[in-house]
Amino acid sequence: MNRAQMRTSAFAAVAVLASTLAACGSGSGSAGGNTGGGNTGGGDLQNAKVAFLMPDLASTRYELQDKPLFEAKMKQLCPTCEVIYQNADSDAAKQQQQANSALAQGVKAIVLDPVDSAAAATIVKSAQSQQVPVIAYDRPIPATPADYYISFDNEKIGAMIAQSLVDHLKKENAEGGILQVNGSPTDAAAGLIKKGIHSAVDPSGFKLLAEYDTPDWQPEKAQTWVSGQITQFKDQIAGVVAANDGTGGGSIAAFKAAGVQVPPITGNDAEPAAAQRIIAGDQYNTISKPIKIVAEASANVAWEFMQGKKPAGKTTLYNTPSELFTPTVVTKENIKEVLFDGGIMKATEICTGAYAKGCAELGIK
């Protein structure tokens with residue numbers, strides 16, 4: 001290339017950059033070089049679209065937290081950008097259709113929390129073939145690497161909730177064994193949580209009585225399975241490690257329906273109903289993983305890809321540049337500090353009716 005050509009190329013690059021900056025404000029500053037997939041290469045991002053595809057309605061978090069938090073951050077980063085939000089309601093085929101629709105609408109990036117981590121490989125391949133980057137959100141996509149993965153450390157979550165329960169049972173000199181209620185068998189994140197749970201339960205000295213992979217994370221299915229285990233093992237159940245608050249709530253309902261004492265039961269997600277159960281003494285723990293952290297991080301990364309950048313991962317999981325955040329175990333002992341003093345929840349919303357007394361005893365107001 002001669003000097004004249006070089007000057008022409010440089011002027012063109014400056015013009016593209018100026019156009020991009022004029023369309024929307026700048027994004028986060030974590031850009032770097034990785035081997036992630038395609039991008040739309042900057043250009044005019046006026047009215048650009050980004051897809052935010054969530055997996056199910058069984059967990060209330062997606063509608064109440066993930067969606068509004070992601071939308072708010074994208075609005076801050078790019079006021080004229082449009083978020084195309086869809087929830088697949090536990091239907092992998094429906095999620096595939098939603099992704100195809102988003103691509104047909106010309107999205108510049110897809111943030112995807114897959115219903116089925118294996119089936120989602122098709123979505124990744126389709127998007128990347130059109131130079132549209134995919135950010136795996138909360139749940140990884142092992143078979144075909146996405147361009148980026150953002151989540152809390154799911155294996156650590158499993159280990160933390162299980163170890164918290166084991167420590168409590170030992171402190172209380174509990175006797176008997178443990179039931180393990182895992183998440184969906186089609187969710188790779190559930191597999192990581194399951195692995196983490198085993199890392200704490202297997203060497204604990206407590207017998208693993210039985211375990212169950214809960215289809216689609218459905219609380220009702222967890223409840224039905226636990227009901228059967230109560231019939232089989234009766235008073236041998238010292239505790240239950242449930243992989244999230246939904247399956248934990250289902251497990252608690254099974255013991256109450258059977259008319260027997262509810263043993264310590266874990267959870268994960270810090271849903272409002274779980275906080276109420278902890279305050280009431282029905283649920284032993286949950287995991288606080290503020291959705292704001294991952295929702296905003298995914299918006300930042302999506303925005304960088306949309307500008308033609310390649311964000312660098314802090315680590316690598318399943319050959320995917322990743323950022324994994326560390327969660328916090330929440331029990332009755334620290335729920336005030338973590339969830340209420342930390343501003344994640346409001347006493348006016350949680351400490352209602354039957355829970356007012358428990359909140360007062362814990363100093364939550």
Side-chain angles (χ1 to χ4, degrees), residues 56-69 138 152 157-158 160-162 164-165 168-169 172 179 181 183 193 214 217-227 230 237 239-295 327-365:
D56 62 63
L57 297 170
S59 297
T60 60
R61 52 168 283 195
Y62 299 114
E63 301 289 318
L64 298 179
Q65 299 183 66
D66 300 76
K67 174 183 180 287
L69 288 167
D138 197 34
F152 281 89
I157 285 172
M160 290 172 73
I161 59 175
S164 171
L165 177 71
H168 175 70
L169 294 178
E172 297 296 316
L179 295 180
V181 186
I193 293 172
T214 310
W217 292 92
Q218 290 291 334
E220 297 82 4
K221 293 178 180 178
Q223 180 177 347
T224 299
W225 181 79
V226 172
S227 294
I230 294 171
I237 304 171
V240 179
V241 183
N244 78 339
D245 290 332
T247 54
S251 301
I252 291 167
F255 282 94
K256 290 193 171 185
V260 297
Q261 183 176 352
V262 180
I265 295 176
T266 73
N268 160 35
D269 282 338
E271 293 184 349
Q276 290 177 326
R277 290 194 294 265
I278 290 174
I279 289 167
D282 291 330
Q283 183 168 320
Y284 177 65
N285 72 20
T286 187
I287 283 283
S288 174
K289 46 181 186 181
I291 304 304
K292 182 180 177 70
I293 293 175
V294 289
T328 303
V329 175
V330 176
T331 65
K332 184 177 285 190
E333 283 67 33
N334 69 346
I335 189 170
K336 176 181 181 294
E337 174 189 357
V338 176
L339 297 185
F340 294 92
D341 294 350
I344 297 172
M345 293 184 180
K346 297 179 180 179
T348 54
E349 298 173 353
I350 303 299
C351 302
T352 58
Y355 305 103
K357 182 180 178 181
C359 284
E361 292 175 350
L362 295 174
I364 300 171
K365 55 186 179 180

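Please read these numbers as outputs of a predicted model, since none were measured by experiment.
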Before giving the answer on side-chain contact (heavy atoms from CB on, under 4.5 Å), spell out for Phe152 and Ile287 the whole-Å C-alpha distance, their side-chain angles and the decisive distance to 0.1 Å.
CA-CA 10 Å; Phe152 281 89; Ile287 283 283; over 6 Å; no
Take Thr286 and Thr266 through the test side-chain contact (heavy atoms from CB on, under 4.5 Å) and record every step on the way to the result.
CA-CA 6 Å; Thr286 187; Thr266 73; over 6 Å; no
I would like to know whether Val241 and Leu179 meet side-chain contact (heavy atoms from CB on, under 4.5 Å); could you show each step before the answer?
CA-CA 6 Å; Val241 183; Leu179 295 180; over 6 Å; no
Please report the C-alpha distance between Phe255 and Val226 in whole Å, then the side-chain angles of each, then the deciding distance to 0.1 Å, and finally whether the side-chain contact (heavy atoms from CB on, under 4.5 Å) criterion is met.
CA-CA 8 Å; Phe255 282 94; Val226 172; 3.7 Å; yes
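Of the inter-residue distances, the one linking Gln261 atom CD with Ile237 atom CD1 reads 12.0 Å to the nearest 0.5 angstrom. In this structure, CG on Asp56 lies 9.5 Å from CD on Glu63, to the nearest 0.5 angstrom. To the nearest 0.5 Å, atoms CD1 (Ile335) and CZ (Phe340) are separated by 5.0 Å. Rounded to the nearest 0.5 angstrom, Leu165 CG and Leu169 CG are separated by 4.5 Å.
Note on residues 337-364: pairs passing side chain to side chain donor-acceptor pair (under 3.5 Å), not counting sequence neighbours, are Lys336-Asp341. Residue pairs meeting the disulfide (SG to SG under 2.5 Å) criterion with at least one member in residues 332-365, sequence neighbours excluded: Cys351-Cys359.
In plain terms, the two heavy atoms of Ile230 and Ala258 that are nearest each other are CG2-CB, 4.0 Å. Looking at every heavy atom in both residues, Thr328 comes nearest to Met160 through CA-CE, 4.3 Å. Closest of all the heavy-atom pairs between Ile344 and Pro290 is CD1-CG, 3.8 Å. When all heavy atoms are compared, the tightest approach of Ile265 to Ala242 is CG2-CB, 4.4 Å.
Shown here are the side chain to side chain donor-acceptor pair (under 3.5 Å) partners of Lys221, two or more places apart in sequence or in another chain: there are none. Judged as a side chain to side chain donor-acceptor pair (under 3.5 Å), and not counting sequence neighbours, the contacts of Thr247 are Asn244. By the side chain to side chain contact (heavy atoms under 4.5 Å, CB included) test, Ser164 pairs with Tyr284, Asn285, Val329, Thr331, sequence neighbours left out. Looking at residues two or more places apart in sequence or on another chain, you find a side chain to side chain contact (heavy atoms under 4.5 Å, CB included) between Glu172 and His168. Considering only residues two or more places apart in sequence or on other chains, Ala257 meets the side chain to side chain contact (heavy atoms under 4.5 Å, CB included) condition with none of them. By the salt bridge (Lys or Arg N to Asp or Glu O under 4.0 Å) test, Lys332 pairs with no residue at all, sequence neighbours left out. In this structure, the side chain to side chain contact (heavy atoms under 4.5 Å, CB included) partners of Lys292, at least two apart in sequence or on a different chain, are Leu69, Glu296. Under the salt bridge (Lys or Arg N to Asp or Glu O under 4.0 Å) criterion, Lys256 pairs with Asp282, not counting sequence neighbours.
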Could you go through residues 267-278 and list every donor-acceptor pair under 3.5 Å that involves a side-chain atom there, pairing it with any protein atom two or more places apart or in another chain?
unit_1	atom_1	unit_2	atom_2	d
Asn268	OD1	Lys289	NZ	3.4
Asn268	ND2	Ala243	O	3.0
Asp269	OD1	Lys289	NZ	2.9
Gln276	NE2	Ile350	O	3.0
Arg277	NE	Gln283	OE1	2.9
Arg277	NH2	Asp245	O	2.9
Arg277	NH2	Gln283	OE1	3.1

